[in-house]
**Q** 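One structure, pasted below without further comment.
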Amino acid sequence: QALQTRILQANSTSSAAGLILASLGLLAAGSAITRFFAPMILIDLGVGAALSLLPFGLLSWKSSKRVNAFNAALPECIDMLARALRAGHSVVGAVEMLAENAREPAASEFGEVFHQLNLGLPMRNALLQLLDRVPSADLRVLVTATMVQKDTGGNLVEILERTVFVIRERLRIQGEIRVETAQGRLTGWILTALPVVMMVLLNLVNPGYSSILFHDPLGRKLVYTSLGMLAMGGFVIRK
């Protein structure tokens with residue numbers, strides 16, 4: 001069920017069964033190929049497990065990309081919604097305007113909300129289902145503000161204007177954080193990948209250069225120790 005939810009969030013045409021079969025196939029293929037070059041059971045299984053995560057990683061990347069695109073269009077959508085309500089449109093009519101004029105993927109998502117409202121689904125349920133399809137923190141702010149206004153009353157236009165200000169400030173701060181931490185994040189990736197990449201390149205230039213590491217008992221212990229230290233170093237840099 002969690003996998004099907006992630007597929008829905010990524011707007012993917014894949015099925016849960018297809019993803020699981022692809023993952024198992026990559027696990028077997030990766031372990032078998034690595035076994036040929038490095039006959040060490042833990043490394044073979046580790047490489048196979050890493051490859052088996054590729055379908056889920058791709059699905060997660062699609063979902064994140066879609067959520068980011070939705071977040072980029074959300075402030076404009078809230079502005080449009082506030083202007084429509086100020087002009088005298090109903091909430092359903094304002095949502096219809098979003099479905100027709102907003103950028104994708106916001107247009108299709110609000111179009112689904114409009115379709116559900118036309119079928120008689122309560123506004124609260126339609127917004128909660130929208131939040132299930134688009135797991136966005138910014139959208140959660142909008143949905144929470146709208147539902148609180150429905151329960152307690154108040155000027156919805158003013159609430160929307162305050163909400164869009166909060167969302168724009170969040171986006172600005174997140175952008176500043178990404179800029180400030182870019183060098184540290186890039187350094188972490190380089191330092192973690194450099195030993196592995198260098199070993200591969202050395203063995204391409206001089207085949208068999210590292211064979212003693214994979215066949216000698218002490219060499220295997222050194223490989224496992226090095227991989228553990230790499231993982232620890234990457235974790236510390238990430239933190």
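What you are looking at is a predicted structure, and each value in this text was computed from that prediction instead of being measured. For the single chain, residues carry numbers from 1 onward in sequence order.
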**Q** How would you list all residue pairs meeting salt bridge (Lys or Arg N to Asp or Glu O under 4.0 Å) that involve residues 85-104, not counting sequence neighbours?
**A**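 Matches after skipping sequence neighbours: Glu76-Arg103, Arg86-Glu161.
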
**Q** Does any N or O in the side chain of Asn71 come within less than 3.5 Å of the main-chain N or O of Ser136, such that one atom is a donor and the other an acceptor?
**A**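 Absent.
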
**Q** Excluding sequence neighbours, so at least two apart, what forms salt bridge (Lys or Arg N to Asp or Glu O under 4.0 Å) with Arg140?
**A**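 Per chain and number, Arg140 pairs via salt bridge (Lys or Arg N to Asp or Glu O under 4.0 Å) with no residue.
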
**Q** Does the pair Val164 and Leu74 meet the rule for a side-chain contact (heavy atoms from CB on, under 4.5 Å), with working shown?
**A** CA-CA 8 Å; Val164 75; Leu74 187 58; over 6 Å; no

**Q** Is it possible for you to say whether Val157 and Val143 belong to one hydrophobic cluster, with membership spreading through side-chain heavy-atom contacts below 4.5 Å?
**A**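 Shared cluster, yes.
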
**Q** Under the salt bridge (Lys or Arg N to Asp or Glu O under 4.0 Å) test, which residues partner Arg172, sequence neighbours left out?
**A**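 Glu169, Glu176.
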
**Q** Quick one: side chain to side chain donor-acceptor pair (under 3.5 Å) pairs with a partner in residues 217-227, sequence neighbours left out?
**A**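 Pairs touching residues 217-227 that pass the test: none.
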
**Q** List the atom pairs, donor and acceptor, that lie under 3.5 Å between side-chain atoms in residues 19-27 and the rest of the protein, sequence neighbours left out.
**A**
| unit_1 | atom_1 | unit_2 | atom_2 | d |
| --- | --- | --- | --- | --- |
| Ser23 | OG | Ser52 | O | 2.7 |

**Q** Please list every donor-acceptor pair under 3.5 Å in which a side-chain atom of residues 183-196 meets a protein atom from a residue at least two apart or in another chain.
**A**
| unit_1 | atom_1 | unit_2 | atom_2 | d |
| --- | --- | --- | --- | --- |
| Arg185 | NE | Thr181 | O | 3.4 |
| Arg185 | NE | Thr181 | OG1 | 3.1 |
| Arg185 | NH2 | Arg178 | O | 2.8 |
| Thr187 | OG1 | Gln183 | O | 2.7 |
| Thr192 | OG1 | Gly188 | O | 2.8 |

**Q** Restricting to non-hydrogen atoms, name the atom on Ala126 and the atom on Leu117 that form the minimum distance, rounded to 0.1 Å.
**A**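 Of all heavy-atom pairs spanning Ala126 and Leu117, the closest is CB-CD2, 4.0 Å.
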
**Q** Side chains of residues 230-239: which donor-acceptor pairs under 3.5 Å do they make with residues two or more places apart or in other chains?
**A**
none

**Q** Determine whether Asp138 and Leu171 make a side-chain contact, defined as any pair of heavy atoms from C-beta on separated by less than 4.5 Å.
**A**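 In short, these two side chains touch, coming nearer than 4.5 Å.
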
**Q** I'd like to check the salt bridge (Lys or Arg N to Asp or Glu O under 4.0 Å) partners of Asp132; sequence neighbours left out, ordered by chain and number.
**A**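 Partners of Asp132 under the salt bridge (Lys or Arg N to Asp or Glu O under 4.0 Å) test: none.
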
**Q** Give the cluster check for Met97 versus Leu139: same hydrophobic cluster or not, with ILVMFWY residues linked at side-chain heavy-atom distances below 4.5 Å.
**A**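 Result: no, two separate clusters.
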
**Q** If you round to the nearest 0.5 Å, how far is CG of Leu201 from CE of Met198?
**A**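 Between Met198 CE and Leu201 CG, I get 6.0 Å after rounding to 0.5 Å.
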
**Q** Using the test salt bridge (Lys or Arg N to Asp or Glu O under 4.0 Å), find all partners of Arg83 that sit at least two apart in sequence or belong to another chain.
**A**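 Result, salt bridge (Lys or Arg N to Asp or Glu O under 4.0 Å) vs Arg83: none returned.
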
**Q** Is there a chain of hydrophobic side chains (I, L, V, M, F, W, Y, each step under 4.5 Å between heavy atoms) that links Phe165 to Leu142?
**A**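 No, Phe165 does not connect to Leu142 through the hydrophobic network.
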
**Q** Quick one: side chain to side chain donor-acceptor pair (under 3.5 Å) partners of Arg162, sequence neighbours excluded?
**A**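 Applying side chain to side chain donor-acceptor pair (under 3.5 Å) to Arg162 gives none.
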
**Q** Taking the side chain as every heavy atom from C-beta outward, state whether Val113 and Arg133 have any pair of such atoms under 4.5 Å apart.
**A**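 A side-chain contact under 4.5 Å exists here.
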
**Q** Determine whether Leu227 and Leu202 fall in the same hydrophobic cluster, where Ile, Leu, Val, Met, Phe, Trp and Tyr are linked whenever their side-chain heavy atoms lie under 4.5 Å apart.
**A**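 No; tracing contacts between hydrophobic side chains, which count when under 4.5 Å, never links both residues.
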
**Q** Do you know which two heavy atoms are closest between Val67 and Pro135, and how far apart they sit?
**A**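 Scanning both residues completely, I find the closest heavy atoms to be CG2-CD, 3.8 Å.
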
**Q** Using the rule side-chain contact (heavy atoms from CB on, under 4.5 Å), only one of Ile212, Val205, Asn206, Leu213 pairs with Tyr209; which is it?
**A**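 When Ile212, Val205, Asn206, Leu213 are each tested with Tyr209, the side-chain contact (heavy atoms from CB on, under 4.5 Å) holds only for Asn206.
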
**Q** I need the minimum non-hydrogen distance between Arg168 and Pro75, along with the two atoms involved.
**A**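 That closest heavy-atom pairing would be NE-CB, 3.6 Å.
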
**Q** Is the count of non-hydrogen atoms from other residues, nucleotides or ligands lying under 6.0 Å from Met147 atom CE greater than 12?
**A**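 More than 12 heavy atoms, drawn from other residues, nucleotides or ligands, come within 6.0 Å of this atom.
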
**Q** Using 0.5 Å steps for rounding, measure from the CE atom of Met80 to the CG atom of Leu160.
**A**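 CG of Leu160 is found 13.0 Å from CE of Met80.
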
**Q** Ala94 and Leu81: which non-hydrogen atoms are nearest, and at how many Å?
**A**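 Between these two residues, the closest heavy atoms are CB-CD1, 3.2 Å.
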
**Q** Taking only residues two or more places apart in sequence, or in another chain, which ones meet Asp216 in a side chain to side chain donor-acceptor pair (under 3.5 Å)?
**A**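 Asp216 satisfies side chain to side chain donor-acceptor pair (under 3.5 Å) with no residue once adjacent residues are dropped.
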
**Q** Within the structure provided, determine whether Glu112 and Leu130 are in side-chain contact (heavy-atom separation under 4.5 Å).
**A**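 Of all side-chain heavy-atom pairs linking Leu130 with Glu112, none is under 4.5 Å.
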
**Q** Let me check something: do Leu131 and Ile78 share a hydrophobic cluster, defined by ILVMFWY side-chain heavy atoms less than 4.5 Å apart, either directly or through other members?
**A**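 Looking at the clustering, Ile78 is in the same group as Leu131.
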
**Q** Hey, can you pull the donor-acceptor pairs under 3.5 Å for the side chains in residues 57-66, sequence neighbours left out?
**A**
| unit_1 | atom_1 | unit_2 | atom_2 | d |
| --- | --- | --- | --- | --- |
| Ser64 | OG | Ser60 | O | 3.0 |
| Arg66 | NH1 | Glu109 | OE2 | 2.9 |
| Arg66 | NH2 | Glu109 | OE2 | 2.9 |

